[in-house]
Participant: 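One structure, pasted below without further comment.
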Amino acid sequence: MSNLKRIVDSPDSGSPDKIGIPSNVDSQPAVDTENLIQQKLSEKRAILRKELGIEEGVAHHFEKPVERPFTKDQRPDTTLLFGGLTWRHEHLIHGAFEGMGYKCEYLPTPDVNAFQLGKEFGNNGQCNPTYFTVGNLVKYLQELEHKGQLRDEIVDNYIFLTAGACGPCRFGMYEAEYRLALRNSGFDGFRVELFQQSGGLNQSEIEAGLELNTDFFLALINAMNMGDLLNDVAYQIRPYEVNEGETDRVLRECMDTLHDVFKHKRSFKLDGKVGNLLKSIPKAANTIETLGKFLEQLYGTEYTDNLREIGKRINEIEVDRTRVKPTVKITGEFWAQTTEGDGNFNMFRFLEREGSQVVVEPVGTWVVYMIHQAKLKMRDRLGIDEKEEPISSWRLDRRLGRKFKQQRSLQTLTLAESIFKREWNRMREALNYIPHDLTDQYELQRIGHPFYNSRSGGGEGHLEVAKNIYYHNKDLCHMVLSLKPFGCMPSTQSDGAQSAVVNHFKDIIYLPIETSGEGEINAHSRVQMALGEAKVKCKEEFNRVLDTTGFTLDEIKQYVDDHPELKRGLYVVPHTKGIVGTAANFVHHVAELMGYRPETQPTTSDEAESGSVEQALAIRKANQQLTLMDSKSSGNSSSC
């Protein structure tokens, strides 16, 4: 032991041969072996490349290709293409674009053939909406070519306008996928312009051809809002229509009417002597004209008057609300829960054929969600500016100035949110408050955050989880169906959280469905099984409510026959707490009109969703006006 200690402590103990280790053994051979392996691999790779005739390429960093700008002089000959929403939204946007002087067309609803084209000309591993939307554009251009247009003419005379984003979602790759598929399908050079969720369109490339001014954004928002509202009305009336197909026929006529309204809409402009005088001061003239456009939007009645006229036509649709149908709320990824074709297995029409009422999600929810998330991010970063250097602690003036600037931006977002909701409810009022109100984003954040962090961006974020809880707890649906693309990462994260939600709320019926270009029969089969449970729940609820009223169903129907206003399409059925289905709520309401007095007073759907008593009173007043209109019309007909 002492000898070993002397060897280790000796000055020469670092030498390998001094402690019994051969001098030719060290760590170097391992390194040499690795280098040798890499050398052999390189030599073998070179031999294989030479045998196969493959030349080694040089890697280049990807850069967005420079496209020809869309200039104002090209506008008469260039057609704007767009798509991705329902035909109702796109039909109104088409009218708005035409009203602003643009040639435009919206793409048809994507089908399986478009999906196959997307897979053929696009990258592998993309999500379902990518294949459908990218393939749909290629399909449309190929059809133009088949009709006799040359490819060069198509590339020169058409331009595609689409949306984009960033974050943990392949939505951010759509622009690149469009360009790749267009190049692979022979339309290299076709112009694709991206409208970002944050930051808008790249004005430096397209400002002359497409003017992104106040008129553009107001027209776009109004078109989407009206599309949302009439979409909601159709899904509430169609399951109960007495004459099959009447709702779709009337809706098509209404959309054509509104299309013409947008096409012939003329926004506020400075005219006359005063206008010409102000135009000599461009900055002041622009400010006054923009202010005039906003005031016209806030207090003008052109849109609401036309919606009231359309409401009269929809109100003539005869409905039978005693039909017992489960209410199914649709959630999920934005495109999958919005499209009405093969992209989500034609799920909405399938649900209606299976005897259910569908509650669709409006685009407006996404708009207020984006505003809410921007405000949340801004609040988290008050006092911090990522684009500027940190301010010294003693520079209170600069710190306060930065905070004031951020607070002003926060207040601007709050104002935009309030204006958007105000305009939404103004249009709802024109349709007798039949469309649903926008769901409160702060309520969704409160109930969803314990299960899914509300600061996690990408996709629908916490909305999928929060909506599942919200619509069940508020007695607004029997079942939630979540539609999402196969492999969608944000939706996959939500599904993981949904297991905890379903375990916590035992009565929830929740079914996630992954959509793709194949597997429609399997998806429909799964939905049928879950829907069967929802139907049982709905029927039990209806029988319970009917028994509570003390009336028979025949007595309820006889009273309805004697009061035709109850058969009107825009008659609002008050929502009673604890009752979900339309038929059960309707029977409860009719029983009250017949003299039944329950212990708990019913609430309207607005009270259930937002607790607004003022809106509830407005709805009841509107129903009274409908009753008065019916009594007058029946009096006139009897006098004749």
Side-chain angles (χ1 to χ4, degrees), residues 85-95 106 108-109 222-259 261-262 303-304 306-321 323 325-331 337-341 343-344 346-365 424 427-438 476-477 481 483 567-573 581-583 585-586 605 619 622 626:
L85 301 173
T86 71
W87 71 266
R88 289 169 285 279
H89 295 86
E90 291 162 357
H91 196 52
L92 298 185
I93 293 173
H94 181 270
Y106 55 92
T109 303
N222 285 315
M224 289 195 297
N225 281 352
M226 290 190 194
D228 278 341
L229 294 166
L230 290 171
N231 203 31
D232 191 347
V233 169
Y235 278 105
Q236 289 191 59
I237 294 177
R238 191 186 298 112
Y240 304 100
E241 63 185 7
V242 174
N243 303 310
E244 186 176 356
E246 185 178 8
T247 303
D248 288 338
R249 177 183 59 79
V250 172
L251 183 64
R252 169 60 75 175
E253 294 172 358
C254 293
M255 301 311 294
D256 288 340
T257 299
L258 284 178
H259 177 277
V261 170
F262 277 100
Y303 289 136
T304 52
N306 279 281
L307 280 176
R308 286 190 178 88
E309 291 301 316
I310 283 172
K312 293 178 182 178
R313 295 158 69 179
I314 296 175
N315 194 46
E316 293 300 317
I317 301 174
E318 184 179 352
V319 297
D320 178 11
R321 294 188 176 92
R323 299 174 182 175
K325 296 178 179 288
T327 304
V328 180
K329 171 61 185 174
I330 303 297
T331 66
Q337 71 176 352
T338 303
T339 189
E340 295 179 330
N344 61 8
N346 297 280
M347 192 60 71
F348 303 156
R349 291 291 181 166
F350 171 75
L351 287 168
E352 290 184 340
R353 289 197 304 269
E354 289 297 311
S356 61
Q357 177 185 343
V358 180
V359 180
V360 294
E361 193 64 50
V363 179
T365 300
W424 177 273
M427 294 180 181
R428 282 182 66 233
E429 185 272 334
L431 294 170
N432 199 36
Y433 291 105
I434 281 285
H436 294 85
D437 196 1
L438 292 171
L476 298 174
C477 73
L481 178 62
L483 302 173
K567 298 181 181 181
R568 297 299 189 190
L570 291 188
Y571 186 88
V572 181
V573 179
T582 297
N585 274 293
F586 183 69
S605 59
I619 291 174
L626 284 176

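FYI, the numbering just counts along the sequence from 1.
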Participant: Does the ring centre of Phe262 sit less than 6.0 Å away from the ring centre of Tyr303?
Facilitator: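 For Tyr303 and Phe262, the ring centres are under 6.0 Å apart.
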Participant: Identify the two heavy atoms, one from Ile317 and one from Thr247, that lie closest to each other, and give their separation to 0.1 Å.
Facilitator: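 In terms of heavy atoms, the two residues are closest at CD1-CA, 3.9 Å.
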Participant: List the atom of Ile310, the atom of Cys254, and the distance in Å for their closest heavy-atom pair.
Facilitator: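 Of all heavy-atom pairs spanning Ile310 and Cys254, the closest is CG2-SG, 3.3 Å.
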Participant: Nearest heavy-atom pair of Leu570 and Arg321: which atoms, and what distance?
Facilitator: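 Closest approach of Leu570 to Arg321, heavy atoms only: N-NH2, 4.5 Å.
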Participant: With a 4.0 Å cut-off on N to O distance, would you call Arg308 and Glu429 a salt bridge?
Facilitator: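 Yes, charged N to carboxylate O under 4.0 Å.
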Participant: Do the side chains of Asp248 and Arg349 get close enough for a salt bridge, i.e. N-O under 4.0 angstrom?
Facilitator: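 Looking at Arg349 together with Asp248, the answer is yes, because their closest N to O distance falls below 4.0 Å.
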Participant: Quick one: CG on Asn315 to CG on Asn432, what's the gap to the nearest 0.5 Å?
Facilitator: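 Between Asn315 CG and Asn432 CG, I get 7.5 Å after rounding to 0.5 Å.
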Participant: Check whether any side-chain heavy atom of Glu340 sits under 4.5 Å from a side-chain heavy atom of Arg88, and report yes or no.
Facilitator: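 Yes; the side chains approach each other to less than 4.5 Å.
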Participant: Any donor-acceptor pair under 3.5 Å linking the side chain of Glu352 with the backbone of Val358?
Facilitator: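 The answer is no, because no donor-acceptor pair under 3.5 Å joins these two groups.
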Participant: Show your working on side-chain contact (heavy atoms from CB on, under 4.5 Å) between Leu476 and Lys329 and close with a plain yes or no.
Facilitator: CA-CA 8 Å; Leu476 298 174; Lys329 171 61 185 174; over 6 Å; no
Participant: Return yes if some donor-acceptor pair links the side-chain N/O of Thr327 with the main-chain N/O of Gln357 below 3.5 Å, else return no.
Facilitator: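 No, Thr327 side chain to Gln357 backbone: no donor-acceptor pair under 3.5 Å.
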Participant: Would you please classify the geometry between the His91 ring and the His259 ring as parallel, tilted or perpendicular, with 30° and 60° separating the classes?
Facilitator: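 Ring orientation, 0 to 90° scale: parallel.
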Participant: For Ile330 and Leu483, which heavy atoms make the closest approach, and how far apart are they?
Facilitator: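 Ile330 and Leu483 have their closest heavy atoms at CG2-CD1, 4.0 Å.
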Participant: Tell me, with the steps shown, if Ile314 and Ile237 meet side-chain contact (heavy atoms from CB on, under 4.5 Å).
Facilitator: CA-CA 9 Å; Ile314 296 175; Ile237 294 177; 3.4 Å; yes
Participant: What is the minimum heavy-atom distance between Ala234 and Pro239, and which atoms define it?
Facilitator: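 Closest approach of Ala234 to Pro239: O-CD, 4.4 Å.
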Participant: Can you tell me how far apart CG (Asn306) and CE (Met427) are? Round to the nearest 0.5 Å.
Facilitator: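 Rounded to the nearest 0.5 Å, the CG-CE separation comes out at 10.5 Å.
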Participant: Looking only at atom types and distance, does a side-chain atom of Glu90 sit under 3.5 Å from a main-chain N or O of Leu85, one as donor and one as acceptor?
Facilitator: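 Yes: the side chain of Glu90 pairs with the backbone of Leu85.
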Participant: Please step through side-chain contact (heavy atoms from CB on, under 4.5 Å) for the pair Leu230 and Leu258, ending with a clear verdict.
Facilitator: CA-CA 11 Å; Leu230 290 171; Leu258 284 178; 3.3 Å; yes
Participant: Can you tell me how far CE of Met347 sits from CD of Gln337, rounded to the nearest 0.5 angstrom?
Facilitator: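 If I round to the nearest 0.5 Å, the distance is 13.0 Å.
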Participant: Is the closest side-chain heavy-atom distance between Thr109 and Thr339 below 4.5 Å?
Facilitator: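 Yes; the side chains approach each other to less than 4.5 Å.
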Participant: Is there a side-chain contact between Val233 and Leu431 in this structure, where contact means two heavy atoms from C-beta onward sitting under 4.5 Å apart?
Facilitator: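 Yes; the side chains approach each other to less than 4.5 Å.
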Participant: Evaluate the side-chain contact (heavy atoms from CB on, under 4.5 Å) criterion for residues Asp232 and Ile434: first the C-alpha distance (whole Å), next the side-chain angles of each, then the deciding distance (0.1 Å), finally the verdict.
Facilitator: CA-CA 8 Å; Asp232 191 347; Ile434 281 285; over 6 Å; no
Participant: Compare every heavy atom of Pro326 with every heavy atom of Gly355, then report the nearest pair and how far apart it is.
Facilitator: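 Taking every non-hydrogen atom into account, O-CD, 3.3 Å.
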Participant: Are Lys567 and Glu316 within salt-bridge range, i.e. N to O under 4.0 Å?
Facilitator: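 No salt bridge links Lys567 with Glu316.
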Participant: Look at the side chain of Arg428 and the backbone N and O of Pro435, then say whether any donor-acceptor pair between them is shorter than 3.5 Å.
Facilitator: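 A pair under 3.5 Å: yes.
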Participant: Quick check: does any side chain N or O of Glu253 sit under 3.5 Å from a backbone N or O of Thr257, one acting as donor and the other as acceptor?
Facilitator: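 No, because the side chain of Glu253 does not come within donor-acceptor range (under 3.5 Å) of the backbone of Thr257.
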Participant: Describe, in one word, how the ring planes of Phe348 and Tyr235 are oriented to each other, choosing from parallel (under 30°), tilted (30 to 60°) and perpendicular (over 60°).
Facilitator: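 Phe348 and Tyr235: perpendicular rings.
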Participant: Please confirm whether Arg238 makes a cation-pi placement over Tyr240, using NZ or CZ under 6.0 Å from the six-membered ring centre and within 45° of the ring normal.
Facilitator: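 Relative to the ring axis of Tyr240, which defines the angle, Arg238 lies outside at least one limit.
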Participant: Is a donor on one side and an acceptor on the other found under 3.5 Å between the side chain of Arg323 and the backbone of Glu241?
Facilitator: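 Yes; judged by distance alone, with no hydrogens or angles, the pair exists.
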Participant: Is there a donor-acceptor pair closer than 3.5 Å between any side-chain N or O of Asp320 and the backbone N or O of Val242?
Facilitator: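 No, Asp320 side chain to Val242 backbone: no donor-acceptor pair under 3.5 Å.
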Participant: Would a distance-only check, ignoring hydrogens and angles, find a side-chain to backbone donor-acceptor pair under 3.5 Å from Asp228 to Val363?
Facilitator: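 Yes.
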Participant: Verify, without hydrogens or angle tests, whether Asn231 (side chain) and Gly227 (backbone) share a donor-acceptor contact under 3.5 angstrom.
Facilitator: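 Flag not set: sc Asn231 to bb Gly227 has no pair under 3.5 Å.
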Participant: I'd like to know if the side chain of Asn344 reaches the main chain of Thr338, judged simply by a donor and an acceptor atom lying under 3.5 Å from each other, with no hydrogens or angles considered.
Facilitator: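 No.
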Participant: For residues Trp424 and Asp437, determine if any side-chain heavy atom of one lies less than 4.5 Å from a side-chain heavy atom of the other.
Facilitator: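 They are in side-chain contact.
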